[in-house]
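Accompanying notes for the structure given below.
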Amino acid sequence: MPDTTTRTTLRLGVAGPVGTGKSSIIALICREMAAELQLGVITNDIYTDEDARFLRSAGVLDPERIRAVETGACPHTAIRDDVTANLLAVEDLEADFAPLDVVLVESGGDNLTATFSPALVDAQLFVLDVAGGGDVARKGGPGIGRADLLVINKTDLGPYVGVDVPQMVADGQAARDGRPVIGLSRTDRASIDQLTGWVRATLQSFRSGGHVAVDPGPMAPHFHAEANLWHAHDEAQPHS
Ligand SMILES: Nc1nc2c(ncn2[C@@H]2O[C@H](COP(=O)(O)OP(=O)(O)O)[C@@H](O)[C@H]2O)c(=O)[nH]1
Ligand SMILES: [Mg+2]
């Protein structure tokens, strides 16, 4: 478990499937909050540093504060089973730019059920998008059910993809036992304010000792085409 008694930098994970808007949300938080908070970013790409390059080119943060961890074929492993490379990257960034308020860690996003280990992040948000279909929120899973925040992104696309956004948000809420859900769009100012308000409140609660890092739980068994093997990732059977 991270030592939250001596750290003042909140490590915030952003997980969710590819294309749901993780990099965009990190860019949004940087754009909205960089004047108020000292921020850093770690990305987890499979073979490239594409997410880091996208974020640097967005011009919302000093490019030096954005670093990529290249994770190989299994990005969920690097945020869950063996977090060493990520932890070193986070610690280096925190040391180089001390004192940071928040380090955002983007997951590689290879799997609907991949979540962060509490050994790496203090809090995590899980991102779904409206374009992925209204029924995804109902499917549950560790990230949807137990991440600190569920973001249902791209609500502006609802009318174009035939998704009832309020229903999708309600389904997310039903899966979460009272944990927060935000329906987000980069075109909806009120939703952006909700997101930055959540980041602010989570940092405050982390620093006052009121926040406990939770493990959303192991990911679902899944298939690795390259290894031609099924894996069940859990504590008893770590990834090899
Ligand atoms: N319509 C719409 N598109 C969005 C929104 N946020 C992100 N996107 C788009 O979704 C695509 C994937 O975003 P990205 O941040 O790269 O997703 P990631 O793979 O989860 O990091 C990009 O084309 C973004 O421009 C939004 O609020 N509304
Ligand atoms: Mg990305």
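The structure displayed is predicted, hence computed values, not measured ones. Just so you know, ligand 1 is whichever comes first in the structure, and atom 1 is the first atom listed for that ligand.
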Please report the interatomic distance [atom1]([X]) to [atom2]([Y]), rounded to the nearest 0.5 Å.
X	Y	atom1	atom2	answer
Arg11	Phe206	CZ	CZ	7.5 Å
Ile42	Leu12	CD1	CG	13.0 Å
Ile29	Leu61	CD1	CG	11.5 Å

How about Asp51: does one of its N, O or S atoms come closer than 2.8 Å to the Mg ion (ligand 2)?
->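 Checking Asp51: at least one N, O or S atom is under 2.8 Å.
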
Identity and separation of the nearest protein heavy atom to [atom]:
atom	answer
atom 7 (C) of ligand 1	Ser24 OG, 3.3 Å
atom 25 (O) of ligand 1	Arg186 NH1, 2.9 Å
atom 17 (O) of ligand 1	Gly21 N, 3.0 Å
atom 12 (C) of ligand 1	Gly19 O, 3.4 Å
atom 11 (C) of ligand 1	Lys154 NZ, 3.8 Å
atom 21 (O) of ligand 1	Ser23 N, 2.9 Å

Which of the numbered atoms in ligand 1 are below 4.0 angstrom from a heavy atom of [X]?
X	value
Asn153	6 (N), 27 (O)
Glu106	21 (O)
Lys22	15 (O), 17 (O), 18 (P), 19 (O), 20 (O), 21 (O)
Ser185	27 (O)
Asp156	1 (N), 2 (C), 26 (C), 27 (O), 28 (N)
Leu157	1 (N)
Thr20	17 (O), 20 (O)

Quick check: does Phe54 get an N/O under 3.5 Å from an N/O on ligand 1?
-> no

Nitrogen or oxygen of Thr187 less than 3.5 angstrom from that of ligand 1 =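 N/O-N/O distance under 3.5 Å: no.
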
If you measure from the Lys or Arg side-chain nitrogens to the Asp or Glu carboxylate oxygens, is any gap between [X] and [Y] under 4.0 Å?
X	Y	answer
Arg7	Asp122	yes
Asp96	Arg67	yes
Asp101	Arg207	yes
Lys139	Asp171	no
Glu32	Arg189	yes

Do protein heavy atoms approach atom 4 (C) of ligand 1 to less than 4.0 Å?
-> yes

Nearest protein heavy atom under 4.0 Å from atom 15 (O) of ligand 1, yes or no |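 Looking at atom 15 (O) of ligand 1, one finds that a protein heavy atom does lie closer than 4.0 Å.
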
Taking [X] for the side chain and [Y] for the main chain, is one N or O donor matched with an acceptor at less than 3.5 Å?
X	Y	value
Asp49	Ala52	no
Arg146	Pro216	yes
Ser117	Asp81	no

Report, rounded to 10°, the angle at the Mg ion (ligand 2) between the two atoms OG (Ser23) and OE2 (Glu106).
-> 80°

Determine the sole option in Leu203, Val121, Val103 for which the side-chain contact (heavy atoms from CB on, under 4.5 Å) test with Leu10 is passed.
-> Leu203

